[in-house]
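Structure first, commentary second.
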Number of protein chains: 2
Amino acid sequence: MSVALDHREEAFTLRQQQVLSAALELLVEGSDALTMTAVARRASCSKETLYKWFGDRDGLLTATVQWQAAKVRVPHVDRHRLDAQTLRSSVEAFARDLLGTLVGEMSVTLNRLAVADAGMQKRGLGRIVLENGRLEMGRRLKPVLDAGRHARLLDFADSETAFQVFFGLVVRDTQIRLLLGDEMHLGAAEIDRDAIAATQQFFALYGREEKSR
Amino acid sequence: MSVALDHREEAFTLRQQQVLSAALELLVEGSDALTMTAVARRASCSKETLYKWFGDRDGLLTATVQWQAAKVRVPHVDRHRLDAQTLRSSVEAFARDLLGTLVGEMSVTLNRLAVADAGMQKRGLGRIVLENGRLEMGRRLKPVLDAGRHARLLDFADSETAFQVFFGLVVRDTQIRLLLGDEMHLGAAEIDRDAIAATQQFFALYGREEKSR
DNA sequence: CTTGCACCGTACCGAACGTTACGGTACACC
DNA sequence: GGTGTACCGTAACGTTCGGTACGGTGCAAG
């Protein structure tokens, strides 16, 4: 039942990555635009090569999603110097990166594809995107939250629940609306504003010695 | 560019609704299981009839989604007797219904379908689901929030933003995880707990005279 | 009884697309 | 020069599926 999530290093040739990049382009243009013929033409390679490298269409799709999903820039936060100010700005930066990623064209495309795939018998892509997206985000921020709690700056019972609330405050209904095709044109300014507001609210709920900021 | 959203009354024969119900069954079993032949066989009708009634596959899909999406039970809340207690329980009930709907098999199926559709050139289904789901929810709760503000029980600048935060607190990452195929098995108990927690947090952020409850 | 209508069941058509096969080319290695 | 390898481009095959056509049935109206 466990999905293969290895392939840490660049297991792909430069040429192969060009193919994956072409596939990704097609995917962004419309998930139904990715036909083997179209990929071959776009990447200037033969279909025979495609099948030799990736097995079948599903293999190409999986490789593409895995390749792209793995390079999602999950923000790093260091737990040194954990005073109230650095904790807050760390969380705020995390919120900004999270929201900025989710509203990106690539995230929307990949999540659309994975959601659609989860609605079929095949499954697989959903797991990959979930693992490299939402779950990885949790794994990254939770240590920070725990450190914050240990430093008596935050107060919560379960870090998983705390992260879920944080996620909800940051993302709100933005992701689902984007996935459903709503045009929201979120600029850097709005993302910044929302990240700050979400952080503010998160600390209002879980902060220990709130001093209005 | 505006999508047809009329068809208020039951524009469908009983027999036609049986067909739509069959289509819905197929959809739940897997979005790729809905072929015209399968629908015809499941509903014990001829493909010719299908095309006469719904035009083409897209028409059948649209009719199915519209028919089902329109019957999403959006909770009603009355704005009479607006003391702190009734406001709170109204919001809480709304949260419970919202979460209960979103985790349902039908909501997941429809949203998966609409998200997948939004990733293609066609578009259309995303608009319908968005309009009957998230946006309708907002239209229903916002008057209550406004009434709460007018009664000086709530304090916020923009009811739209307030609803978005409420949505985020209630839904968190639940919907996207379900859409991506994560098995979460949320029971009535968990839904109840989360709805209460979300309401608690919403009032902590926007309530005017919070008294711990 | 006849006619017309709405519908069922099924066979059929054409297009799209995944997949395979084959001929041709560039290049490294001997 | 000869040979093998990796690749490109394209033709071809098989299946699936949307869409159409046609014969057959039950039934209500006249």
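Naming: A, B, ... by sequence-line order, numbering from 1 per chain. In this text the structure is predicted, and so the values were computed from the model without any measurement.
Per the geometry, CG belonging to L26(A) stands 11 Å off P belonging to dG18(C), to the nearest Å. Between the CG atom of L61(B) and the C1' atom of dG18(D) there is a distance of 13 Å, rounded to whole Å. In this structure, the NZ atom of K52(B) is 7 Å from the C1' atom of dC7(C), given to the nearest Å. In this structure, the CE atom of M36(A) is 15 Å from the C1' atom of dA16(C), given to the nearest Å. Look at CG on L60(A): it is 10 Å from P on dT19(C), rounded to the nearest Å. In this structure, R41(B) atom CZ and dT10(C) atom P are separated by 9 Å, rounded to whole Å. As rounded to whole Å, 17 Å separates atom P of dC17(D) from atom CG of D56(B).
Between Q16(B) and W67(B) the shortest side-chain heavy-atom distance does not fall below 4.5 Å.
With hydrogens and angles disregarded, no donor-acceptor distance shorter than 3.5 Å links the side chain of E92(B) to the backbone of T199(B).
Within 6.0 Å of atom CZ in R41(A), 12 or fewer heavy atoms from other residues, nucleotides or ligands are found, so the atom counts as exposed in its surroundings.
Between D32(A) and G55(A), the residue anchored closer to the 5' end of DNA chain C is D32(A), taking for each the nucleotide with the nearest heavy atom.
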For a quick check, with a 4.0 angstrom heavy-atom cut-off, what is the B/S/- contact string for nucleotides 8-14 of chain D, read 5' to 3'? BB-----

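The CZ atom of R134(B) sits 4.0 Å away from the CG atom of D173(A) when rounded to the nearest 0.5 Å.
Ring-plane geometry between F166(B) and F94(B) is classed as tilted, the angle between the planes lying from 30 to 60 degrees on a 0 to 90 degree scale.
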Check residues 183-197 of chain A and write down every donor-acceptor pair under 3.5 Å in which the side-chain atom is one partner and the other belongs to a residue at least two apart or another chain.
unit_1	atom_1	unit_2	atom_2	d
E190(A)	OE1	G187(A)	N	2.9
D192(A)	OD1	R96(A)	NH1	2.5

